[in-house]
Protein chains: 2
Amino acid sequence: MTRQAGGENNAGSAVAAAAPDLGRTRSRAIPEATVGRLAVYLRVLTDPQAVRPALGDRGDGVRVVSSAELAAAAGVNPAGLRRDLSFLGSHGVRGVGYDVDTLIEQIQRVLGAHHHFRVALVGIGNLGQALAGYAGFGGRGFGIGALFDVDVEKIGRTVAGLRIRDLADAQEVCPAEGITIGVITTPEGAAQSAADALVTAGIFSILNFAPGKIVVPAGVEVRRVDLALELQMLAFHETSRVDGVVAR
Amino acid sequence: MTRQAGGENNAGSAVAAAAPDLGRTRSRAIPEATVGRLAVYLRVLTDPQAVRPALGDRGDGVRVVSSAELAAAAGVNPAGLRRDLSFLGSHGVRGVGYDVDTLIEQIQRVLGAHHHFRVALVGIGNLGQALAGYAGFGGRGFGIGALFDVDVEKIGRTVAGLRIRDLADAQEVCPAEGITIGVITTPEGAAQSAADALVTAGIFSILNFAPGKIVVPAGVEVRRVDLALELQMLAFHETSRVDGVVAR
DNA sequence: TCATGTGAACATGTTCACAGCT
DNA sequence: AGCTGTGAACATGTTCACATGA
């Protein structure tokens, strides 16, 4: 985990694949690890300056990429990449590779990346403000739909063009604004009540930056990003490295 | 599965380019997943208001905790917790549980949490500034030792009490300040050169917030936190949820 | 009695190697 | 010839169940 993934953080089971319309799609469940990598492939494929000679561009209009090329660009093993793509029902062409545009289309379909998702930020401190202004969010199909806090000092102020609203109003604001994803950037002690408010507002997908665990009903997906934990894993690496390299 | 109580992170999860573990510690090599959870246990054990009646506190001065209690507080499986602790060479007492203070001491030892680590931030934009002021960093044995950027507009300005310095000076600044961990919060395009500068400055542990992969020499550990990727995995969840529950 | 520590079953994820298709 | 798709081996991680020992 990434494992990122700490204390059971972001490890998980396969999830039912979106089962779209067109004839040939067998809806196997897509493993979580594969979903994460599909997002990476999509970024590489759609990045204009992805790889030196615009990825897989041949002279004619058709862009084709081999698993070896794309794997190198994404930093993964080619066989694993082919396995990942096989979950798309994708048809690469043997001896040739994958049609880039088709690939983009198919990955976008299963990831829901042709939708636009609106996100609510709860807890507008340092981190919340940074995320509100973070280009990486708006840039890839996600937009900030609302900012919430419980601090009366903050409510009403404007950050990144949005007025901070009372978390107590989430239940009205989120449905009205079409918000489906919540991001918690509160201090640790406020995270659970933030989650409760989001769940009450009909949110089923939460990204939690607060340390500690939050409890949510079944069916609500929580992904955790624990910055202190990432540092601690690096500290472990430093400790091992020094202990191992220097005298023992 | 509901992450968090159920976590890719980052790990899980994500596609971090890291050198294979050259198992280093005196006893057994500690699995990465276990390291992440040990950090979580440590947080729970040292949190003053961790669990209802201060964790495992009996009337006398000795605090004892069972795997079941601690596992519940940390949101993990008790058997897995016991296996994790077995890597410490820890000796719980059968029929009783674990001595809390001993446990804290042992986890701190393997994580290097009794050291203080100094961190350099590279790329002082929105996110970098937020992290510079983030309490969660200084709070757990990590301190910001330097801020770097390449933008002459930013160099010399002060953020969170530290003057932003030229990344070109990293090679002198990092050793002088005792910095051993680097955090990259640059835009995507600048991440590789940021990593190069850190490596040249003698840094072996890097936390990378920029999307895309960075290439580092063997022996340098890179952990990646990809915010857009986390959102995309939630978007996949939303897509599956909606497609699965609503009419098809 | 009761909770630890761990063998063994299970689940997930990664990589190899090659058959099979274009 | 060359690259995909996938069975099978391998690696890692999780959970069960119970023998063991305080």
Side-chain angles (χ1 to χ4, degrees), chain A residues 1-15 24 26 28-38 56 58 64-72 74-100 102-103 106, chain B residues 1 3 5-9 11-18 20-21 23 27-38 56 58 64-72 74-100 102-103 106:
Chain A
M1 268 181 267
T2 155
R3 257 244 8 63
Q4 177 118 132
E8 35 45 21
N9 188 8
N10 289 336
S13 46
V15 199
R24 256 272 9 132
R26 42 242 190 93
R28 286 180 280 180
I30 302 185
E32 173 148 359
T34 292
V35 174
R37 283 187 301 258
L38 287 175
R58 308 184 305 188
V64 172
V65 65
S66 71
S67 63
E69 286 177 277
L70 184 50
V76 303
N77 176 291
L81 182 140
R82 291 197 296 275
R83 190 177 295 275
D84 288 337
L85 296 187
S86 77
F87 286 101
L88 299 174
S90 156
H91 291 284
V93 182
R94 290 170 197 245
V96 179
Y98 300 86
D99 179 272
V100 172
T102 306
L103 212 46
Q106 285 176 316
Chain B
M1 163 189 246
R3 338 276 67 139
E8 167 305 307
N9 180 203
S13 332
V15 196
D21 174 37
S27 37
R28 288 173 279 179
I30 303 183
E32 173 149 354
T34 292
V35 174
R37 283 186 300 258
L38 287 175
R58 308 183 306 186
V64 172
V65 66
S66 70
S67 63
E69 287 176 275
L70 184 51
V76 302
N77 175 289
L81 182 141
R82 292 198 295 275
R83 190 177 296 275
D84 288 338
L85 296 188
S86 76
F87 286 101
L88 299 175
S90 157
H91 291 284
V93 182
R94 291 171 195 246
V96 179
Y98 300 86
D99 178 274
V100 171
T102 305
L103 212 47
Q106 286 176 316

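Labels below follow one simple rule: chain letters A, B, ... track the order of the sequence lines, proteins then strands, and each chain is numbered from 1.
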Considering only nitrogen or oxygen atoms on both sides, find all protein atoms under 3.5 Å from nucleotides 8-12 of chain D and state each distance.
residue, atom, partner, partner atom, Å
dA8(D), N6, Arg83(A), NH2, 2.9

Using heavy-atom distances to pick each residue's nearest nucleotide on DNA chain C, tell me which of Thr34(A) and Ser86(B) is more 5'.
Ser86(B)
Are the side chains of Val35(A) and Glu32(A) in touch, meaning some heavy atoms are under 4.5 Å apart?
no
Output the distance between atom CD (Glu69(B)) and atom CG (Leu81(B)), rounded to the nearest 0.5 Å.
11.0 Å
Taking the side chain as everything from C-beta on, heavy atoms only, tell me whether Leu103(A) gets closer than 4.5 Å to Leu70(A).
yes
Has Ser66(B) got a side-chain N or O lying under 4.0 Å from the OP1 or OP2 atom of dA3(C)?
no
Grab the CG-P distance between Asn77(B) and dC16(D) for me, whole Å please.
6 Å
Could you tell me the separation between the CD atom of Glu69(B) and the P atom of dA3(C), rounded to a whole number of Å?
9 Å
For the atom pair NE2 (His91(A)) and OH (Tyr98(A)), what is the distance rounded to the nearest 0.5 Å?
11.0 Å
Expressed as a whole number of angstroms, how long is the span from Phe87(A):CZ to dT14(C):P?
11 Å
Protein-nucleotide distance (Leu70(A), atom CG; dT4(D), atom C1'), rounded to Å
14 Å
Here the distance between atom P of dT4(C) and atom CG of Leu88(B), to the nearest Å, is 14 Å
d(CG, Leu85(A); P, dT6(D)) in whole Å
12 Å
Heavy-atom pair with the smallest gap, counting every atom of Ala71(A) and Asn77(A)
CB-C, 4.0 Å
Each nucleotide in nucleotides 17-22 of chain C should get exactly one letter: B, S or -. Can you fill that in based on protein heavy atoms under 4.0 Å?
B-BBBB
Examine dA22(D): is either OP1 or OP2 under 4.0 Å from a nitrogen or oxygen in the side chain of Tyr98(B)? Give yes or no.
no
Enter the distance from Gln106(A):CD to Leu38(A):CG here, rounded to the nearest 0.5 Å.
10.5 Å
Restricting to non-hydrogen atoms, name the atom on Ser67(A) and the atom on Pro78(A) that form the minimum distance, rounded to 0.1 Å.
CB-O, 4.1 Å
Sugar-phosphate, base or nothing in reach of Gly80(B), heavy atoms under 4.0 Å
base
